Amino acid sequence: MRTKQRLFWAEQKKMKRRFVWLVPIGFAALLMLWSMANIRNFTDADRAFGYAYLFYSYCVMNAIFMPVMLAVVASRLCDMEIKGNTWKLLYTMEKPGSFYDIKFFFECRYLVCFTAAETLGILLFGKLFGFTEPVQAGRFLLHFLAITAVGAVLLGIQHLLSLMSDNQIIPLLVGIAGGFLGLFSMYFPRIVNQLVIWGYFSIFSVAAVDWEKTANGGMALYYVDFPEVQFAVFLLAGAGLYLAERWIYLRKEV
Amino acid sequence: MENIVATESLSKKYGKKYVVKNLNMNVPKGSIYGFLGPNGAGKSTTMKMLLGLARQTQGDIRIFGVPVREENRMKILKNTGSLIESPAHYGHLTGRENLEIICTLKGVPKTEIEPVLRTVRMEKQQDKKVKNYSLGMKQRLGLASALLGHPRLLLLDEPTNGLDPAGIQEMRELICSLPDRFGMTVLVSSHLLSEIDQMATHVGIIHQGELLFEGGLADLHRHSRLRLKVRTTDDERAFRVLKGADIPVRYDRESGRLLLDSEEDACVLRSVRLLAEHDIGLLRLEELQVSLEDIFLKLTGKKVSL
Amino acid sequence: MLIKCIKAENMKLKHSCIWIACVAVPVIPAIMGTFNYLNNLGMLTEGWYSLWTQHTLFYSWLFYSPLIALYCSWLWRLEHLNHNWNVLMTAPVPVRDVFLGKLAVIFRVTLATQLWVGVLYFLCGKFCSLPGMMPGNTILWLLRGTLAAAGIGTLQLFLSMMIRSFAVPIGIALAGSILGFLFVSQGWELFWPYSLMMAGMNSNRSDDVLGGDILPFLISLTVFFVLFTAAAVLCLKKKDVRA
């Protein structure tokens, strides 16, 4: 336990002057700005479905924002080891496995910072713009859990790629391509959507649009029953994926 | 003698701290100028300012007789080769491809690559990717790219870093041969006195940003001639006797040391005879070498690594 | 002098994975856009033009700029690593040409990307058994999109030069692109570099955003190009090199 603590503080010291917080905060601010532009034009009818609308639209926005944002966070934290050529130094002091875990934990903090800001932002907008829809705490919690879980799985991929890649071009490329795939897959039938890991933001979205009923006027939004079983399976698979990634990383020679 | 590099009260301030202060440096044409100082003395910063990589806070630099300024930048850089800090390289390219890039930028024909590779003995490794090079090989590659196009002035920042003993020897011989072979002037920095001693014709010693000594290597050596420490039955009287006979002698009352500033046999002989004539018994005659290190230490007040 | 710089920059691209990005990324909108088009034939009735919007909407809005940012970051990362700044800045070439040389290479890679997008568009159109050739307009729009890269490429090259991180400028490019949509929706697309792509590629509608008048677009591009090049060259001249 004490070594874990030491590793934690060592990692904390490395974050000095990196200004990584600016990344999630900046993207969260952009997200708010974006929804502000839309909410300003809300009618009373829209306000009755305000939260549902934000839950849904943030799922699309997450698919756009998160892959690149997480790629940036992971790359920012891992690249310092690559640039500084610190592997040999690190491996004589820490177990590669715990180094991998601690680093991932640190990257997760930025993810949670973003997802928490996003979830609270929905509530804030609701109060600010007088949504008439009642607040359902359960939905907020589910939204937060879902986007954090999907984000963590994507972050796991970025984490591995950033640590394995000398020039960081591959992880960022995967981030950009992943965002692209995820965004597109949302407009595809659910079966295709399920094949693309970057598109899972919409699979676990608490609100959805009924395109059949959506006329020219406004969107017909409704709450979906959260697919608990599928979510549990996703979490397990995500954990398995993380272990597999860790295993790949540990096989790498310094 | 014409100076290839001349600086006048050159200073560089980072924040409130002077890294280089009032530096007046003169590098004569065709010389190998050893720029000597401990780590962090301001050697690299000075060299970067000479190349226009860093801008001075005040002072003037003239290279090839023209001031280092935007309008002369190209003219100066065209005739200058440099190896600053660590050797620069593109790791994903081979050694040869790295040199080709330099050739293109310098406007030098690619046929020049072969000879410089031979000069630094890198012909065999030229098609390997540089990221797989050892530090010594990177250093040689860096030197090779500095040599491309036969520059009139070569700036080398600690060029023997990371080389093995044989490599250091080779590098030294190579640097020593450059002025004669190509008419180059070489400014080479080092924190190793012995190294400068073996290569340089001129020396500048810098410490905490200030130039403490500048001159020919011979001048520096004049400080380091032999002395004899004399112990007699009566040192004070011995000093008066020898001084009266115009023998170069010094007496340090505090340490009680009597020093004979000469190693000529005739002088020693005369001193001994004089002492005997005045009934002063000679107890010991000891050779004292004031080495370059001692001088360096005296100048910088800092121990240098050897 | 500029030619020398461009040649040198081209050599640095050897053995690099930048071409993977150039080839792989445009394939995604091609495949997915085409399927989306085939799935919604009921609503998308304008043939080649409908396919065009499907192909290029997300590409030009969200992914084109980060892709260029990726190219720029890679090009500067070469210099940020291994003390290469020292070599770059002691080469006997004007500082301006150092920057323009890199820009030329970015432009070349972007041009290749756009050509590839065009080829994929044509192949997908044929796959969807659309009649005849792709419309001449789309070729013009591809060309305009490539020109837009001059604005964004200059900005990103400047950012990647100043920011030593590989990833951060790419994040900025995505953020800028997202904001770009707000500018486009207000009709201010010519005042924000990141929205020039959408304007140039004409990707969100089948009639021309610019209304056939290309002059304001070109002026906007020129202004951004001059602005960011001047800023970059000024920084290169005034700032001490930190290798």
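Predicted, not measured: the structure shown is a model, and the values here were computed from it. Just so it is clear: chains get the letters A, B, ... in the order the sequence lines come, proteins before strands, and each one is counted from 1.
A 4.5 Å side-chain heavy-atom check between Leu195(A) and Phe188(A) finds every atom pair outside the cut-off. Between Tyr121(C) and Leu142(C) there is no side-chain heavy-atom pair separated by less than 4.5 Å. Leu33(A) has its side chain within reach of Leu179(C): a pair of non-hydrogen atoms, C-beta onward, lies under 4.5 Å apart. Counting heavy atoms from C-beta on, the side chains of Thr138(C) and Trp48(C) never come closer than 4.5 Å. With a 4.5 Å cut-off on side-chain heavy atoms, Arg144(C) and Gln114(C) do not count as touching. A 4.5 Å side-chain heavy-atom check between Val153(A) and Val150(A) finds every atom pair outside the cut-off. At least one side-chain heavy atom of Leu183(A) sits under 4.5 Å from a side-chain heavy atom of Phe63(C).
Residues Leu155(A) and Cys108(A) approach most closely at CD2-N, 3.7 Å, considering heavy atoms. Across Tyr200(A) and Val196(A), no two heavy atoms sit closer than the pair CD1-O, 3.3 Å. The two residues Phe104(A) and Ala152(A) come nearest to each other via the heavy atoms CZ-O, 3.7 Å. Residues Thr110(C) and Ile106(C) come closest through the heavy atom pair OG1-O, 2.5 Å. For the residue pair Gln168(A) and Ser75(A), the shortest heavy atom distance occurs at OE1-OG, 2.9 Å. Taking each heavy atom of Trp74(C) and Leu13(C) in turn, the nearest pair found is CZ3-CD2, 3.7 Å.
Contact annotation for residues 150-163 of chain C against chain A (heavy-atom separation below 4.5 Å): no residues qualify. Annotation: residues 112-120 of chain A contacts chain C through no residue [non-hydrogen atoms, separation under 4.5 Å]. When the heavy atoms of residues 51-66 of chain A are compared with those of chain C, the residues falling under 4.5 Å are Met61(A), Ile64(A), Phe65(A), listed by number.
Of the atoms belonging to Ile178(C), heavy atoms from both backbone and side chain fall under 4.5 Å from chain A. Using a 4.5 Å cut-off between heavy atoms, Leu62(C) contacts chain A through its side chain alone, with no backbone atom that close. For Phe180(A), the parts lying near chain C are the backbone and the side chain together; criterion is any non-hydrogen pair under 4.5 Å. The part of Ala37(A) that comes within reach of chain C is its side chain, from C-beta onward, which places non-hydrogen atoms under 4.5 angstrom from that chain. Within the 4.5 angstrom heavy-atom criterion, only side-chain atoms of Leu30(A), from C-beta onward, approach chain C. With a 4.5 Å cut-off on non-hydrogen atoms, Pro171(A) does not touch chain C at all. Proximity to chain A is limited to the side chain of Asn39(C), based on heavy atoms less than 4.5 angstrom apart.
Remark: the Thr34(C) side chain and the Gln54(C) side chain contain no N/O donor-acceptor pair separated by less than 3.5 Å. Counting only N and O atoms by type, the side chains of His159(A) and Glu107(A) include a donor and acceptor under 3.5 Å apart.
Each of Ala175(C), Ala69(C), Ala173(C), Pro29(C) has some count of heavy-atom pairs under 4.5 Å with chain A, and the biggest count is that of Pro29(C). In terms of non-hydrogen atom pairs under 4.5 Å with chain C, the most contact-rich of Gly26(A), Gly175(A), Gly179(A) is Gly179(A).
Ring pair Phe166(C)/Trp76(C): centre-to-centre distance not below 6.0 Å.
For residues 178-188 of chain A, the pairs satisfying side chain to side chain donor-acceptor pair (under 3.5 Å) are Ser185(A)-Asn193(A), with sequence neighbours left out.
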